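In what follows, a single structure is set out as structure tokens and then discussed.
From a predicted model like this one, the values you see are computed outputs, not experimental measurements. In what follows, residues are counted from 1 in the order of the sequence shown.
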Amino acid sequence: MQYTENIPGIKINVQAVDITISDDVKDTIRKCISRLSRFHDKIEWADVYLEDKKEKSTQQKQVSIRLGLPGNDPFASEYGDNFHALLTDVENKLRSQLEKR
């Protein structure tokens, strides 16, 4: 599944490898990017990658986010078992990177 949407000033590109994500996960992604935009006003885009590896017994899911900023792009990734928790962890990592700028 792949889709693109725009929130004010930021283009969000979501790629979910061989899975369909629910509306509540999409909503969590929107909220995550909106909160991150408070820490840096020049975010132009966000690439979100979601993956679910069913063959793994633990930490089946992976979330990665890259933010498009002038200069180096902040990137964070996390493995676990719940997309909502992973999005929160990745958001916290990205927030730390944005606060250091």
Side-chain angles (χ1 to χ4, degrees):
M1 174 183 186
Q2 183 172 347
Y3 81 96
T4 301
E5 70 176 88
N6 290 305
I7 60 173
I10 302 173
K11 180 179 179 181
I12 301 175
N13 303 305
V14 177
Q15 293 183 6
V17 180
D18 298 331
I19 57 172
T20 301
I21 56 174
S22 62
D23 288 338
D24 62 326
V25 173
K26 291 178 185 179
D27 190 48
T28 303
I29 291 169
R30 272 185 232 107
K31 289 177 182 176
C32 171
I33 302 303
S34 292
R35 285 191 296 264
L36 287 170
S37 68
R38 292 184 221 152
F39 293 94
H40 200 288
D41 60 351
K42 301 258 191 265
I43 298 174
E44 297 173 7
W45 50 263
D47 286 341
V48 181
Y49 304 97
L50 305 169
E51 194 169 4
D52 190 355
K53 297 181 180 181
K54 303 262 187 230
E55 68 275 1
K56 292 178 71 178
S57 60
T58 60
Q59 296 189 342
Q60 296 176 329
K61 295 172 176 34
Q62 177 183 8
V63 172
S64 303
I65 299 177
R66 179 179 311 276
L67 299 177
L69 298 173
N72 293 335
D73 296 339
F75 176 81
S77 183
E78 192 67 53
Y79 292 91
D81 296 315
N82 180 300
F83 280 130
H84 296 285
L86 293 173
L87 283 163
T88 300
D89 292 344
V90 170
E91 177 186 347
N92 291 334
K93 288 181 178 183
L94 289 169
R95 184 181 316 134
S96 296
Q97 293 178 39
L98 294 174
E99 287 173 346
K100 291 177 184 177
R101 287 181 172 238

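- Taking each heavy atom of Gln62 and Leu86 in turn, the nearest pair found is N-CD1, 4.3 Å.
- Within 6.0 Å of CG in Asp18 there are 12 or fewer heavy atoms belonging to other residues, nucleotides or ligands.
- Heavy atoms of other residues, nucleotides or ligands lying less than 6.0 angstrom from NZ of Lys56 number more than 12.
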Let's go through Leu50 and Phe83 carefully: what are the C-alpha distance in whole Å and the side-chain angles of both, what is the deciding distance for side-chain contact (heavy atoms from CB on, under 4.5 Å) to 0.1 Å, and is it a yes or a no? CA-CA 8 Å; Leu50 305 169; Phe83 280 130; 4.0 Å; yes

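- Other residues, nucleotides and ligands contribute more than 12 heavy atoms inside 6.0 Å of the CZ atom of Phe39.
- Among Asp47, Ile29, Val14, Leu87, the one residue that satisfies the side chain to side chain contact (heavy atoms under 4.5 Å, CB included) test with Ile65 is Leu87.
- Between Lys53 and Glu51 the shortest heavy-atom distance is CE-OE2, 3.3 Å.
- Within a 6.0 Å sphere centred on CG of Asp24, other residues, nucleotides and ligands contribute more than 12 heavy atoms.
- In terms of heavy atoms, Lys93 sits closest to Ser77 at NZ-O, 3.1 Å.
- In plain terms, the two heavy atoms of Ala85 and Asn82 that are nearest each other are N-OD1, 3.0 Å.
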Could you walk me through whether Ile12 and Glu5 satisfy the side-chain contact (heavy atoms from CB on, under 4.5 Å) test, starting with their C-alpha distance in whole Å, then the side-chain angles of each, then the deciding distance to 0.1 Å, before giving a yes or no? CA-CA 5 Å; Ile12 301 175; Glu5 70 176 88; 4.2 Å; yes

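- Of all heavy-atom pairs spanning Leu98 and His40, the tightest one is CD2-CB, 3.9 Å.
- Nearest heavy-atom pair, Ile43 versus Ser37, reported as atom, atom and distance to 0.1 Å: CD1-CA, 3.9 Å.
- Atom OG of residue Ser34 and atom CD1 of residue Ile10 lie 6.5 Å apart, to the nearest 0.5 angstrom.
- To the nearest 0.5 angstrom, Trp45 atom CH2 is 7.5 Å from Leu67 atom CG.
- Atom NZ of Lys11 has 12 or fewer heavy atoms from other residues, nucleotides or ligands within 6.0 Å.
- Salt-bridge check for Arg95 with Glu99: failed, with every basic side-chain N at 4.0 Å or more from each acidic carboxylate O.
- Val63 is connected to Ile19 through a chain of hydrophobic side-chain contacts under 4.5 Å among Ile, Leu, Val, Met, Phe, Trp and Tyr, so both are in one cluster.
- Rounding to the nearest 0.5 Å gives a distance of 12.5 Å between CD1 of Ile7 and NZ of Lys31.
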Could you check Lys26 against Ile21 for side-chain contact (heavy atoms from CB on, under 4.5 Å), going step by step and ending with a plain yes or no? CA-CA 7 Å; Lys26 291 178 185 179; Ile21 56 174; 3.8 Å; yes

